[in-house]
Colleague: 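Let me give you the structure first, and then I'll get to my questions.
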Amino acid sequence: MNDALPTVISRNPADPDDVLLRLPAPGAFTTVDTVERARAAQPGWLLAGAAARSAALGAVAAAVEAAADELAALAVREVGKPLAEARAEVARTAAIWRYYAQAPFQPAGEVHETAAGPGLLLTRRRPHGVAGLITPWNFPFAIPTWKAAPALATGNTVVLKPAPEATACAQRLAEIVQRALPESVFTVLPGGATEGNALVSAVDVVSFTGSTPVGQAVARAATSRGIPVQAEMGGLNAALVLPDADIEQAAAHIAAAIAGYAGQKCTATSRVIAVGAALDPLREALSEALRAVPVGDPADPATVCGPLIHEHARDQVGEASRGLSVLAGGTVPDRPGWYTAPTLVEKVSPGHRLLREEVFGPVASLLAAEDLAHAIRITNSVPYGLVTSVHTADLNAALTGLDLLDTGMIRLNAPSTGVDFHLPFGGSKASSHGPREQGRAALDFYTAGRTYTLAPAGSAA
């Protein structure tokens, strides 16, 4: 019976009574059938040529821009993204489609001389076939785009399984993309773990963004099939503040990285490491900055910290900070929706979950380090290694940090949040598996290299 089918439900985290959609999950068989239809469409998409693919991706960029206000409002409603951030994400989404619209015209290989005799040696990159994309809810337009656009540009077809909480955003994006592409070249498949597992079992290349346990399972399943896989997972990102830093500026940057979008970014700051004499002034400045962060309705343009995605996520923040010395926050606003105040704690014991696990909310620990070497040891001591921000006026210290920090990305005198879509994105240890995302690295990931030997007819073997 239909009532027994698993159901995909998406609610407004600022108003949980507002249900955006409720629909039956398609199941494993439908998932595999969707992949097969995408596989049948892939040769035609590739053979349409570079100009056709470029024009299609450019058309998507223009359509996203034309629908910018609608898309931003949808992200506010479905995933609680503050309006200013939602508008910025939509603008970046259009820019990503436009960036990859030029990729079909990029060289797809090289020509080499033979070691001896006539002929040519060629290298060439070709698409894998069907790309299976599994994406989270926190960037409901940008993350599906930075996976799908390079996959499509290089001649793959795409099946996207979004997080259930972002299904409406994914479906609206699909409507825009599908108007510019042939049938079955880009498909959105709603659902949960059943559909995700079936997708990984059927496609030719997998890109995942989400939690570390699920990402590791996806990587194992794809690897067992011998197909390419990348997984972008958790973070436990640190901000290092040296005594010579501009403390007020550092506090403003770090507060934004803790509290922006309620800390629901894999690049959010969750550990603040004050070096030497920076501790006392940073404690005061950061506590004040966090208390000043506007918390409220994500539809309000002034809001910085909106609701968390669901009730369990909000409760996790409270549980993680319970019993600790709270410098700012630690409270739940008295209003509908899944809100919590940006929180800073100190005197956190080394084995505490805040120093081992990603809580994914607006909470951070203030830690003390004797010197830069000690701060680097603290930074590197966790299982994750996505991004670190370093705040200092000393170029030598900055260069030391660049060399010794075990993270994939380092940002100097800037928040840990924020990425450039034309450069590689990824981390180390439990934060990432496989090749990097974004930029030209993505074009390499979605293609396989081949080597051709072209010898004249009748030449000696």
Side-chain angles (χ1 to χ4, degrees), residues 211-212 234-243 245 247 250-251 253-260 262-291 293 305 308 312-332 340-391 401 405-407 415-417 429-431:
S211 71
T212 297
L236 199 56
N237 309 303
L240 278 60
V241 182
L242 277 66
I247 296 297
H253 286 164
I254 295 168
I258 293 170
Q264 298 174 119
K265 305 175 185 179
C266 61
T267 55
T269 294
S270 52
R271 296 177 297 148
V272 183
I273 304 172
V275 179
L279 180 61
D280 290 338
L282 182 63
R283 178 191 291 114
E284 180 178 353
L286 183 55
S287 299
E288 182 178 345
L290 283 171
R291 285 191 288 266
V293 169
C305 183
L308 279 88
H312 176 68
R314 182 198 61 190
D315 294 345
Q316 284 276 91
V317 174
E319 292 170 6
S321 58
R322 188 171 295 121
L324 297 174
S325 176
V326 178
L327 299 171
T331 60
V332 175
T340 190
T343 299
L344 181 68
V345 298
E346 66 174 351
K347 300 177 182 177
V348 183
S349 61
H352 194 277
R353 62 175 298 193
L354 283 175
L355 305 184
R356 304 299 300 172
E357 303 173 18
E358 182 184 43
V359 173
F360 219 61
V363 57
S365 305
L366 179 62
L367 309 171
E370 298 171 1
D371 53 26
L372 178 58
H374 186 202
I376 290 171
R377 289 197 301 274
I378 295 173
T379 302
N380 293 344
S381 67
V382 300
Y384 300 96
L386 185 57
V387 59
T388 302
S389 66
V390 180
H391 304 264
L405 289 167
D406 189 10
T407 53
S416 62
T417 51
K429 299 184 286 190
S431 289

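In this chain, numbering begins with 1 at the start of the sequence shown.
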Colleague: So, Thr267 and Thr417: side-chain donor and acceptor under 3.5 Å apart, yes or no?
Modeller: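 Side-chain D/A pair, Thr267 to Thr417: absent.
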Colleague: Atom OG of Ser270 and atom CZ of Phe360: how far apart are they, to the nearest 0.5 Å?
Modeller: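 Going from the OG atom of Ser270 to the CZ atom of Phe360 covers 11.0 Å.
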Colleague: Side-chain contact test, heavy atoms from C-beta onward, threshold under 4.5 Å: evaluate it for Pro362 versus Thr340 and give yes or no.
Modeller: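 Contact flag for Pro362/Thr340 side chains = yes.
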Colleague: Quick check against the 3.5 Å criterion: does Ser321 have a side-chain atom that pairs as donor or acceptor with the backbone of Glu319?
Modeller: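 Not a single qualifying donor-acceptor pair exists.
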Colleague: Do Leu324 and Glu346 make a side-chain contact, defined as non-hydrogen atoms from C-beta onward lying under 4.5 Å apart?
Modeller: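 No, their side chains stay 4.5 Å or more apart.
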Colleague: For a 4.5 angstrom cut-off between non-hydrogen side-chain atoms, does Arg314 reach Val332?
Modeller: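 Arg314 vs Val332: side chains touch.
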Colleague: Can you measure from CG (Leu372) to CZ (Arg377) and round to the nearest 0.5 angstrom?
Modeller: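 So the CG of Leu372 and the CZ of Arg377 are separated by 10.0 Å.
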Colleague: In Å, rounded to the nearest 0.5 Å, how long is the span from CZ of Arg353 to CG of Leu236?
Modeller: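 Rounded to the nearest 0.5 Å, the CZ-CG separation comes out at 11.0 Å.
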Colleague: Would you check if the side chain of Asn380 reaches a backbone N or O of Asp406 as a donor-acceptor pair within less than 3.5 Å?
Modeller: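 Flag set: sc Asn380 to bb Asp406 pair under 3.5 Å.
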Colleague: Taking His352 for the side chain and Val348 for the main chain, is one N or O donor matched with an acceptor at less than 3.5 Å?
Modeller: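 Not at all, since once roles are kept as given, no pair shorter than 3.5 Å links the two residues.
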Colleague: Less than 4.5 Å apart, any side-chain heavy atom of Val241 and any of Leu279?
Modeller: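 No - every pair of side-chain heavy atoms lies 4.5 Å or more apart.
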Colleague: Quick one: does any side-chain atom of Thr343 pair with a main-chain N or O of Gly330 as donor and acceptor, under 3.5 Å?
Modeller: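 Indeed, once roles are kept as given, a pair shorter than 3.5 Å links the two residues.
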Colleague: Considering only heavy atoms from C-beta outward, does the side chain of Leu344 approach that of Val326 to under 4.5 Å?
Modeller: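 Result no, sub-4.5 Å side-chain heavy-atom pair not found.
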Colleague: Is a side-chain N or O of Gln316 found less than 3.5 angstrom from the main chain of Val359, in a donor-acceptor match?
Modeller: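 Answer holds: no.
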Colleague: Considering non-hydrogen atoms only, spot the tightest contact between Ile247 and Ala285 and give its length.
Modeller: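 Scanning both residues, the minimum pair turns out to be CG2-CB, 4.0 Å.
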Colleague: For Thr407 and Leu386: C-alpha separation, side-chain torsions, deciding distance, then whether side chain to side chain contact (heavy atoms under 4.5 Å, CB included) applies.
Modeller: CA-CA 5 Å; Thr407 53; Leu386 185 57; over 6 Å; no
Colleague: Is there a donor-acceptor pair closer than 3.5 Å between any side-chain N or O of Ser431 and the backbone N or O of Gly234?
Modeller: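 Here the side-chain-to-backbone pair exists.
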Colleague: Using side chain to side chain contact (heavy atoms under 4.5 Å, CB included), reason through Leu355 and Leu367 one step at a time and then give a plain yes or no.
Modeller: CA-CA 10 Å; Leu355 305 184; Leu367 309 171; 4.1 Å; yes
Colleague: Nearest heavy-atom pair of Lys347 and Ser325: which atoms, and what distance?
Modeller: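 For Lys347 versus Ser325, the nearest heavy atoms are CD-CB, 4.2 Å.
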Colleague: Between CD1 of Ile376 and CG of Leu240, what distance do you get to the nearest 0.5 Å?
Modeller: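 The distance works out to 7.0 Å.
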Colleague: For a quick test of reading the model, state the closest non-hydrogen atom pair linking Ala341 to Gly329 and the distance between them.
Modeller: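 Minimum heavy-atom separation between Ala341 and Gly329: CB-CA, 4.0 Å.
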Colleague: Could you go through Arg271 and Leu366, starting from their C-alpha distance and side-chain angles, then the distance that decides it, and tell me whether this counts as side chain to side chain contact (heavy atoms under 4.5 Å, CB included)?
Modeller: CA-CA 6 Å; Arg271 296 177 297 148; Leu366 179 62; over 6 Å; no
Colleague: Provide the closest heavy-atom pair for Arg356 versus Tyr384 in the form atom of the first, atom of the second, distance.
Modeller: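 Where Arg356 meets Tyr384 most closely, the heavy atoms are O-CE1, 3.8 Å.
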Colleague: To the nearest 0.5 angstrom, please state how far the CD atom of Glu358 sits from the OG atom of Ser211.
Modeller: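 Output value for this atom pair is 8.5 Å.
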Colleague: Restricting to non-hydrogen atoms, name the atom on Ala364 and the atom on Val272 that form the minimum distance, rounded to 0.1 Å.
Modeller: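 For Ala364 and Val272, the tightest heavy-atom pair comes out as CB-CG2, 4.4 Å.
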Colleague: If only atom types and distance count, is the side chain of Arg291 paired as donor or acceptor with the main-chain N or O of Leu327 below 3.5 Å?
Modeller: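 Answer holds: yes.
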Colleague: About how many Å separate CD1 of Ile273 and CG of Leu282, when rounded to the nearest 0.5 Å?
Modeller: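 Nearest 0.5 Å value for the CG-CD1 distance: 11.5 Å.
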Colleague: If you take all heavy atoms of Ser416 and Val387, which pair is closest and at what distance?
Modeller: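 Heavy-atom minimum between the residues: O-CG2, 3.7 Å.
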Colleague: Quick one, Ile258 with Val363, criterion side chain to side chain contact (heavy atoms under 4.5 Å, CB included). Give me CA distance, side-chain angles, the key distance, then yes/no.
Modeller: CA-CA 7 Å; Ile258 293 170; Val363 57; over 6 Å; no
Colleague: Donor-acceptor pair, distance only, cut-off 3.5 Å: does the side chain of Asn237 make one with the backbone of Thr388?
Modeller: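 No, the answer is negative, given that no donor and acceptor are paired below the 3.5 Å cut-off.
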